[in-house]
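The chains referred to below are lettered A, B, ... by the order of the sequence lines, with proteins before strands, and numbering in each begins at 1. All values below were derived from every heavy atom in this structure, side-chain atoms included, with hydrogens, water molecules and symmetry-related copies excluded.
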Amino acid sequence: MKTLLPFLAALSLAVACASPAEDASAPADVPCRCGTPMGDLEGCAHSDCRAGRNNPDNPDCVCGTLEIPAAKE
Amino acid sequence: MRRALSGALLLALLAAPLSAATLKLKDGSRVECKVRSYDPATQTLHVTTADGEQASYTMAQLDGRSVYQVNSSLIPEGDAKAQFLAANFARDAGLYAHAARRYEIALKLDPSMQAAIDTERTKLKRAAAEFCMANAKQAVDKGDISEAERWLKTLVEKLPGEPEAQQASEMLDTHYDKLRADKMAEVEARASEELKRDAASARKDYDQMVEKSRKGLQARGDSQAAGLFRGALKDGQKVLDELDRIERKYTAPDVREKVQEYRGVVSQQMVEVHLSIASQLATQTDYKGAQREVNKALALDPDNERALTMRARIEDYSSRGIGWGWGWR
């Protein structure tokens with residue numbers, strides 16, 4: 001039991017880190033339209049895109065930047 | 001207890017996902033990976049793929065979208081010239097909104113670039129207008145008139161100075177009223193003769209609302225358009241009042257249900273008009289007025305995706321104090 005507790009705590013923390021934070025009280029986000037013709041023309045109103053971040057759930061999203069370690073040196 | 005917590009934290013850190021990227025190659029395939037480095041001399045990106053393999057891709061192998069993202073990651077944020085070049089690249093890759101945003105950034109960083117940016121923005125508008133018209137025509141060919149109309153309306157509302165906007169306005173003459181008449185005809189086909197007779201006057205007002213909505217889109221001046229849109233909403237409200245009266249007359253649930261179907265078509269048209277007014281007000285940077293119109297649209301249809309998207313964009317633009325549509329107009 002002593003070893004199980006920290007393991008469960010770690011597991012729940014890891015799950016929380018791994019999945020995008022969905023606050024139940026936050027207003028529902030609009031879908032990411034990056035990669036659709038209209039999205040490319042008008043821009044995307046998804047919260048990640050508006051904040052200048054890449055939306056990892058949409059492979060066609062090119063908002064934000066890639067992490068390129070050497071480029072930051 | 002402390003040891004347990006430290007263990008938990010360590011485990012959590014180990015389990016945290018690596019920040020992954022998706023690269024799109026010219027052949028259309030995608031690579032899930034983590035970028036290790038970029039070699040500017042050979043323009044090569046060195047990555048570790050999702051299955052642990054090491055791979056390298058030159059910019060020539062990547063699709064334009066991914067090249068743009070690599071460029072975005074490499075340019076200094078405060079370099080106006082670099083932002084300007086990235087904007088040109090985005091435009092040529094068909095990422096029109098990204099291009100418009102970067103021109104805006106470049107101009108803020110270096111106002112002396114105004115003339116050069118204006119020249120490139122003119123090219124951007126040209127390319128965007130051609131893109132819209134191509135999409136509209138493709139949709140017409142496929143028989144998807146509602147999709148075609150989205151592109152035609154975008155052209156008319158966002159790129160009014162381009163030659164394609166005039167053509168789009170003429171195309172709306174053919175499609176706009178017909179599309180809405182067809183929607184109403186679908187509802188009428190399910191209604192009883194008695195209900196159709198009762199709703200005849202509401203139908204007339206609906207047709208009038210549709211005509212004013214279209215003319216509002218086609219209007220040359222903002223004030224003329226605003227007058228037509230307001231007139232359309234007045235007609236729409238008249239139709240809803242008439243439908244209320246009809247609904248009170250009937251007790252049978254199936255008839256009341258048919259009245260709701262009429263209401264649904266009218267409400268959708270009113271939502272559209274509210275959003276057209278909102279777009280017009282946002283163009284004049286009257287964000288409060290625009291938000292009011294979007295809220296009226298959402299009161300009629302709380303789940304309307306266009307209205308929700310517009311609300312998010314208005315909040316964003318107004319909080320950052322920037323022009324609507326990244327200077328499309």
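Look at A:E42 and B:K158 and you find a salt bridge, because one of the NZ, NE, NH1 or NH2 atoms lies within 4.0 Å of a carboxylate O, short of that distance.
Of all non-hydrogen atoms in B:S72 and A:T65, the two that sit nearest each other are O-CG2, 3.5 Å. Shown here for A:D60 and B:R65, the closest heavy-atom pair between the two residues is O-NH2, 2.9 Å. Heavy atoms only, all atoms of each residue included: A:P31 and B:E305 are closest at CG-OE2, 3.6 Å. Looking at every heavy atom in both residues, A:P59 comes nearest to B:T22 through CB-CG2, 3.9 Å. Contact between A:L41 and B:C132 at its shortest, heavy atoms only, is CD2-SG, 3.6 Å. Closest heavy-atom contact between B:V35 and A:P69: O-CD, 3.3 Å.
Most heavy-atom pairs under 4.5 Å with chain B, from the set A:G35, A:A51, A:C34: that is A:G35. Of the listed residues B:D63, B:N71, B:T154, the one with more heavy-atom pairs under 4.5 angstrom with chain A than any other is B:T154. For chain A, the option among B:E315, B:Q69, B:K24 with the highest count of heavy-atom pairs below 4.5 Å is B:Q69.
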### Message
Test side chain to side chain contact (heavy atoms under 4.5 Å, CB included) on A:M38 and B:N135; report intermediate values, then the result.
### Response
CA-CA 9 Å; A:M38 197 54 100; B:N135 277 292; over 6 Å; no

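With sequence neighbours excluded, the residues forming a side-chain contact (heavy atoms from CB on, under 4.5 Å) with B:P76 are B:D79, B:A82, listed by chain and number.
Contact annotation for A:C63: both backbone and side-chain heavy atoms come within less than 4.5 Å of a heavy atom of chain B. With a 4.5 Å cut-off on non-hydrogen atoms, B:V47 does not touch chain A at all. Heavy-atom distances place both the backbone and the side chain of A:P37 under 4.5 Å from chain B.
Here the straight-line distance linking atom SG of A:C49 with atom NE2 of B:H98 works out to 7.0 Å at 0.5 Å rounding. Rounding to the nearest 0.5 Å places CZ of A:R33 at 5.5 Å from OG1 of B:T309.
Under a cut-off of 6.0 angstrom, the local environment of CD in B:E130 is crowded, with over 12 non-hydrogen atoms contributed by other residues, nucleotides or ligands.
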